[in-house]
Amino acid sequence: MRFKSTRDASNTYSFEQALCSGYAPDGGLFVPALLPSLSAEEHLIPWSTLTFPELAFDVLRMFISPSEISDVDLKHICAQSFTPYEFDDDDYIPIKKLNSVYLAELFHGPTFCFKDFGMRPVIYLLSHFASLRNQPTTLLVATTGDTGPAAVHAVGSVGNPLLTIIVHYPENQISEFQRKQLTTVDSKCVKIASFEGGGDDMDWPIKETLMANGNNDDDNNSGVIGEENKKRSYCGINSYNIGRPLVQMVHFIWTYLRVVEQLGITPGDKSCIIDAVLPTGAMGNMTGGYMAKLMGVPIGKLCAGVNINDITYRVIERGEFHKQKIQKTLSDAINIEVPYNFERILYYLTRGNNALVKQWMQTMEQTQQVTLDGKWLERLQTDFCSARITDDEMCSTLRRTFDEWGYVVDPHTAVALAATERLGYQLFKHQSPSSETKNHVVVLATASPCKFQEAVTVALGEKGWEVYIKNGFPSRARDTMDKDEIKPYHYTWREGATVKEVQSEWRLQMLEIVNDSF
């Protein structure tokens, strides 16, 4: 399997090059040169009896050549990524049922969020290639709350001295628990920095560093070092990295298989289509689901639940991919100005029209807005839908879910549940389903409520939080709250400076920390 850029099909790249580079050389995102086709008989039915690590191996084997990673090594990577003692449920992703809605709990990993499923294999794969090349590699991360902790924990699990990481988070825009998941880590391989600004403001400094770092002309030199540091490779592991949506396909397929199992349906039966509703930020998870759908998994509508930072809602509803300033919400992890994975969605939507995708993305970079015309909007709405949920609506849904089922969800899952109701699925007992929502539906619960005391308390009150602490708070999470924090580095927003001036200064600070620390 080879990979190419969303913006240019003239060059292809190995899996190692695509994974270790983050961005393509032209600034686009990597996609597989071809998506394999899945059938019920050859894939979905046999896969229904596999363990999660076994399924991960079978899916990833379709995208990673044995000449790059042997069967033995890839099986080991999958087994280590999903070792049972790191997950607190034997099923990995338990499936609950709320009225007629299925709910997939993707938060039973070591950092209590779905990012553990996508991040751990990516880190183990990068560690494999760093050891193969004897190449010191530093991972550059910007997080709105969940990506950073998942990455830091995975780097610690790997324990490879060649692999280091620096994580950046927007000050006062992640929860106390998420912050402590970062600032309580005492490791020579991990550095943490906060910055003043919105969740997307570190994207440019990281992308600029990765673009300066990359040189993909030689299959044996992925992640070649830029001028600033001859001995070190840099890699970005936010969901623009192709490894993330590839691995996230696995939990979509696993969830599909578990839902049809509960329905008593044969996997792959095209008469039983499963819609999916998920909290949506950078659209990496959505992209993994879309790729699985295009490969042949019987997934219907992919529905994006978003908060008032609603660029995804606006583009799906009106074709307006227009950047707007971030507003503070109680569901901060999906506070996104520009979801970079929409570029991959556009690539598949246009059936691989690189020139058009390049034109759109260059327009977006220059003007901060792209408007899809009627043809492309209609095609987008064939596969996707969305609902915009305010904090008040999110809190109301969180309360109703608790009152009706005694079940506490995190604010992002509450956004998705509110979207589920808004889109016409029968979530609550006294709600009539819409005539337009004929498929079964699964909601992806992406994080544990243990990470979001403020939001859960706003919704349920102090007594509600105390009930959750007593009856539902994971014991492993208590250890994090009891640890002492290590003061992070801090990037300030210089008064009077432009955005690009500030981001350039932050980039230099980041490189200085890396050079001094690793």
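Positions are given from 1, in the same order as the sequence printed here. Predicted, not measured: the structure shown is a model, and the values here were computed from it.
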Ring centers of [X], [Y] separated by less than 6.0 Å:
| X | Y | answer |
| --- | --- | --- |
| His412 | Phe452 | yes |
| Tyr23 | Tyr240 | yes |
| Phe195 | Tyr169 | no |
| Phe129 | Tyr124 | no |
| Phe117 | Phe52 | yes |

Parallel, tilted or perpendicular: ring planes of [X] versus [Y], cut at 30 and 60 degrees:
| X | Y | result |
| --- | --- | --- |
| Tyr92 | Trp254 | perpendicular |
| Tyr468 | Phe473 | perpendicular |
| Tyr491 | His168 | tilted |
| Phe3 | Phe15 | tilted |

Stepwise side chain to side chain donor-acceptor pair (under 3.5 Å) check, Thr209 with Arg507: CA-CA 8 Å; Thr209 302; Arg507 178 173 179 262; 2.9 Å; yes
Provide the closest heavy-atom pair for [X] versus [Y] in the form atom of the first, atom of the second, distance.
| X | Y | value |
| --- | --- | --- |
| Thr12 | Arg2 | O-NH2, 3.0 Å |
| Ile206 | Met510 | CG1-SD, 4.2 Å |
| Leu140 | Asn238 | O-OD1, 4.1 Å |

Side chains of [X] and [Y] only: does a donor on one sit below 3.5 Å from an acceptor on the other?
| X | Y | value |
| --- | --- | --- |
| Glu68 | Ser65 | no |
| Thr6 | Glu343 | yes |
| Gln178 | Ser175 | yes |
| Ser194 | Glu171 | no |
| Ser131 | Asn160 | yes |
| Asp8 | Asn354 | no |
| Ser81 | Arg120 | no |
| Glu105 | His108 | yes |
| His153 | Asp116 | no |

Tyr13 six-ring centre to Lys4 NZ/CZ under 6.0 Å and within 45° of normal: no
Cation-pi geometry met for Lys451 and Phe112 (6.0 Å, 45°): no
Heavy-atom side-chain proximity of Pro32 to Leu246 below 4.5 angstrom: yes
Pairwise side-chain contact, Leu126 with Leu139, heavy-atom cut-off 4.5 Å (strictly under): yes
Stepwise side chain to side chain donor-acceptor pair (under 3.5 Å) check, Thr144 with Gln173: CA-CA 7 Å; Thr144 53; Gln173 293 188 44; over 6 Å; no
Under 3.5 Å donor-acceptor, Thr413 side chain and Val409 backbone: no
Which residues share a side chain to side chain donor-acceptor pair (under 3.5 Å) with Thr287, sequence neighbours left out: none
